[in-house]
Every structure is written in structure tokens, then in C-alpha cells.
Amino acid sequence: MKKTLSDLRSKKQLKQKISMLTCYDYPTARLQDQADMDVIFVGDSLGPNELGYEHEKDVTLEDMIHHLKAVRRGIKNAYLLADMPYGTYDTIEAARTTAMKLIDHGADGVKLEGLELAVIEDLSKRGIETWAHLGFNPQKHTEASVHGKTFETARSLVEAADALQSAGACMMVLELVPEEVGALLTERLLIPTIGIGAGRFTDGQVLIAHDLLGLTPKKLRHAKDYGQLDQHMLTAFQHYVKDVSSGMFPEKSNLRHMDQDELHLLRCYLLK
């Protein structure tokens with residue numbers, strides 16, 4: 001059954017954790033959906049992790065739509081969230097256009113970063129499920145660091161979270177904040193919180209799928225490697241190169257043959 005925002009909110013009320021992962025392609029989306037993922041997220045992490053860009057800021061709306069469409073084709077049940085790329089919601093009018101394009105191409109909701117109160121208020125009034133994102137914001141901060149470690153910075157996060165919820169944000173991503181701040185905000189807010197590097201007590205968790213699968217060289221404290229697929233893939237590629245070079249691939253089981261009578265006709269033709 002297709003998961004909705006109402007389902008995610010119910011999980012918060014029932015103290016059930018919400019699972020969420022990034023996704024950028026059809027086969028991964030299909031597998032995540034089969035795994036009963038609650039939220040599949042086409043994030044701007046697409047840039048560094050899939051497209052080889054230097055930064056999330058380099059991702060365009062066209063990039064996002066291209067990958068969103070692919071992911072949409074692989075989903076039957078999960079809630080599909082899409083990032084609004086850097087520079088595409090600088091004004092209310094631009095934000096409307098961006099959000100509607102993402103919704104039109106299959107997103108159930110959109111996410112933006114920072115204290116964009118007017119934008120969130122406008123989109124939410126138009127019935128667009130709009131997620132907020134506090135703490136470390138890749139589109140706004142140059143270096144990844146923990147936010148809210150002091151009373152003053154934590155108070156700023158609390159005030160920002162209150163304001164975003166009042167403006168109409170339907171969900172809140174908390175990235176790189178102390179566990180204590182993540183817990184307090186989760187208890188305080190009526191809307192569900194999703195943590196990434198925000199401790200154990202948020203309403204749900206999100207990771208970049210490449211980090212979870214061990215496909216990124218840098219190991220992050222907040223991520224857990226469930227797959228080590230980088231080594232499996234490297235080994236498979238090496239074996240393939242070796243087998244092709246030595247003539248071991250293709251094997252007999254990989255072959256298709258022509259009917260002998262048809263082959264005889266072809267050979268006679270070539271001898272003319």
C-alpha cells in the first residue's frame with residue numbers, strides 16, 4: 001500500500017521509527033521499495049555520489065528531474081521525497097515552479113534547506129508537502145560540522161524549528177546535531193523528525209545509500225557500512241577483466257547457436 005504523509009505522522013504518534021534512504025536510479029529504488037522503506041529520497045547528494053560533481057550545489061533541477069523520474073518508476077509503496085536544488089527556491093515564484101515540476105514528475109513531497117519561512121508557508125498553503133532541513137545544510141554551509149553544540153546555537157535551532165513548523169513544514173530533517181538536541185527537538189515538535197548524524201532519538205533515520213553500501217571511500221561517524229559493496233564490485237570487475245583477457249568468458253553456457261542448415265546456407269552464400 002502506498003505510504004503517505006499521514007502514515008509517517010502516525011509512526012511518530014505510535015513511537016515507530018521511520019526508515020529513509022537516498023536513491024538515484026531505478027534498480028536501487030525497486031530494491032529499497034521491496035525492503036519496505038518508508039521514504040525514498042532523491043537528494044542533492046546525487047551530485048557528489050552519483051554524478052561526480054564537486055558539491056551538492058552543482059546539481060541542477062534538470063539533473064534532479066532526470067533521476068527522480070527513474071526512481072519513481074521503481075517505487076510502488078514508499079513515500080518519494082525530492083530535494084529542491086541549490087538556487088531554485090531563492091524567490092517564492094521560483095520555489096513554486098521548482099516544487100511543481102518535482103511534484104509533476106512523481107515526488108510526493110519536496111525538501112529545502114534553512115529558514116525559508118515565506119517559501120514554506122507559500123508551498124504548504126498550495127498543498128505541497130514541504131520538508132524542512134536544519135543543522136548542517138550542504139547547500140548553505142561550506143564545511144560539514146556539528147550544529148547546536150552550545151546553548152546559543154542550540155537555542156537558535158529550537159527557534160528555527162518552531163518557526164518552520166508554524167510556517168507549514170510537514171517534516172523536519174536534522175543533520176549533524178548533538179543527540180541531546182535531536183531528542184529535545186523531536187519531543188518538542190508535532191511534526192516527525194528524521195535524523196542524519198542526530199542521534200538515536202529522532203523519529204526516523206536517513207543515510208546516503210552509498211555510505212550504507214560501503215561505496216564511498218570516506219568513512220563517516222554517523223553512517224554504518226552494511227554492505228562493503230566496493231570490494232565486492234572491484235573483485236567482480238577484476239575477475240571479468242581476467243576472464244575476458246584469458247578467453248575464459250564467454251563460456252559454453254553463455255553461447256547461442258545457429259541452426260546447422262541455416263548456417264550451411266549462409267556459408268554457401270559467402271562463398272559466392
Side-chain angles (χ1 to χ4, degrees), residues 1-3 20-37 39-83 85 88 98 101-108 207-219 223-272:
M1 183 178 294
K2 184 72 175 73
K3 297 180 182 181
M20 174 171 160
L21 273 179
T22 63
C23 186
Y24 318 114
D25 58 72
Y26 166 79
T28 305
R30 183 172 52 82
L31 292 172
Q32 288 187 8
D33 200 54
Q34 289 178 10
D36 199 28
M37 196 72 60
V39 181
I40 293 177
F41 175 38
V42 185
D44 59 12
S45 52
L46 163 71
N49 288 284
E50 192 75 10
L51 299 180
Y53 293 167
E54 285 293 322
H55 199 276
E56 288 86 352
K57 290 182 179 181
D58 298 326
V59 175
T60 66
L61 181 57
E62 289 71 26
D63 290 332
M64 190 65 63
I65 289 172
H66 177 81
H67 289 266
L68 172 65
K69 288 163 66 178
V71 171
R72 173 78 273 168
R73 297 183 192 108
I75 294 176
K76 292 182 179 179
N77 299 316
Y79 182 102
L80 180 54
L81 178 68
D83 248 336
T88 67
T98 299
K101 285 184 177 180
L102 294 172
I103 297 297
D104 288 345
H105 286 96
D108 296 311
L207 284 178
I208 292 173
H210 288 60
D211 295 338
L212 177 150
L213 295 172
L215 292 174
T216 48
K218 187 176 181 181
K219 305 306 177 186
K224 181 177 179 180
D225 184 347
Y226 286 85
Q228 297 181 332
L229 290 193
D230 56 349
Q231 289 304 312
H232 291 291
M233 292 173 69
L234 176 59
T235 299
F237 296 153
Q238 290 172 333
H239 285 169
Y240 172 73
V241 170
K242 181 180 178 181
D243 282 358
V244 170
S245 299
S246 66
M248 295 295 291
F249 177 83
E251 300 175 349
K252 288 185 178 181
S253 61
N254 304 124
L255 306 180
R256 294 178 175 85
H257 294 286
M258 191 175 185
D259 179 83
Q260 289 299 307
D261 291 338
E262 298 295 330
L263 178 59
H264 175 72
L265 291 173
L266 178 61
R267 283 174 171 164
C268 291
Y269 169 78
L270 292 174
L271 289 175
K272 291 180 181 180

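We're numbering straight along the sequence, starting at 1.
- Residues F249 and N254 share a closest heavy-atom pair of CE1-OD1, 3.6 Å.
- Taking CG of L102 as the start and CG of L81 as the end, the distance is 9.5 Å to the nearest 0.5 Å.
- Put simply, the side chain of N49 never gets that close to the backbone of L46: no donor and acceptor are under 3.5 Å apart.
- Distance alone, capped at 3.5 Å, places no donor-acceptor pair between the D243 side chain and the M248 backbone.
- Looking only at side-chain heavy atoms (C-beta outward), P250 and L255 come within less than 4.5 Å of each other.
- Close placement of the Y24 and H210 rings is indicated, their centers lying within 6.0 Å of each other.
- Once rounded to the nearest 0.5 Å, the distance linking OH of Y226 with CG of L207 reads 7.0 Å.
- For the side chain to side chain contact (heavy atoms under 4.5 Å, CB included) with S45, the qualifying choice from T22, D83, V59 is T22, the only one to do so.
- The backbone N or O of K101 lies less than 3.5 Å from no partner atom in the side chain of D104, so there is not a single donor-acceptor pair.
- Proximity of D25 to H67: side-chain heavy atoms (C-beta onward) are nowhere separated by under 4.5 Å.
- Interatomic distance, D33 CG to L80 CG, rounded to the nearest 0.5 Å: 10.0 Å.
- Across all their heavy atoms, A78 and D108 have their closest contact at O-OD2, 4.0 Å.
- The CG atom of L265 sits 9.0 Å away from the CG atom of D259 when rounded to the nearest 0.5 Å.
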Set out, in order, the CA-CA distance, both residues' side-chain angles and the distance that settles side-chain contact (heavy atoms from CB on, under 4.5 Å) for L234 and D230, then state yes or no. CA-CA 6 Å; L234 176 59; D230 56 349; over 6 Å; no
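- The backbone N or O of G106 sits less than 3.5 Å from a side-chain atom of R72, completing a donor-acceptor pair.
- Around CD of Q34, the count of heavy atoms belonging to other residues, nucleotides or ligands within 6.0 Å exceeds 12.
- At least one donor-acceptor pair under 3.5 Å links the side chain of T98 to the backbone N or O of T88.
- In this structure, the side chain of D58 engages the main chain of H55 through a donor-acceptor pair within 3.5 Å.
- For the atom pair CD (Q32) and CG (L212), the distance works out to 8.5 Å, reported to the nearest 0.5 Å.
- When every heavy atom of C23 is checked against every heavy atom of A29, the shortest pair comes out as SG-N, 3.2 Å.
- The number of heavy atoms from other shown groups lying within 6.0 Å of NZ (K3) is above 12.
- Taken to the nearest 0.5 Å, the NZ atom of K69 stands 8.0 Å off from the NE2 atom of H66.
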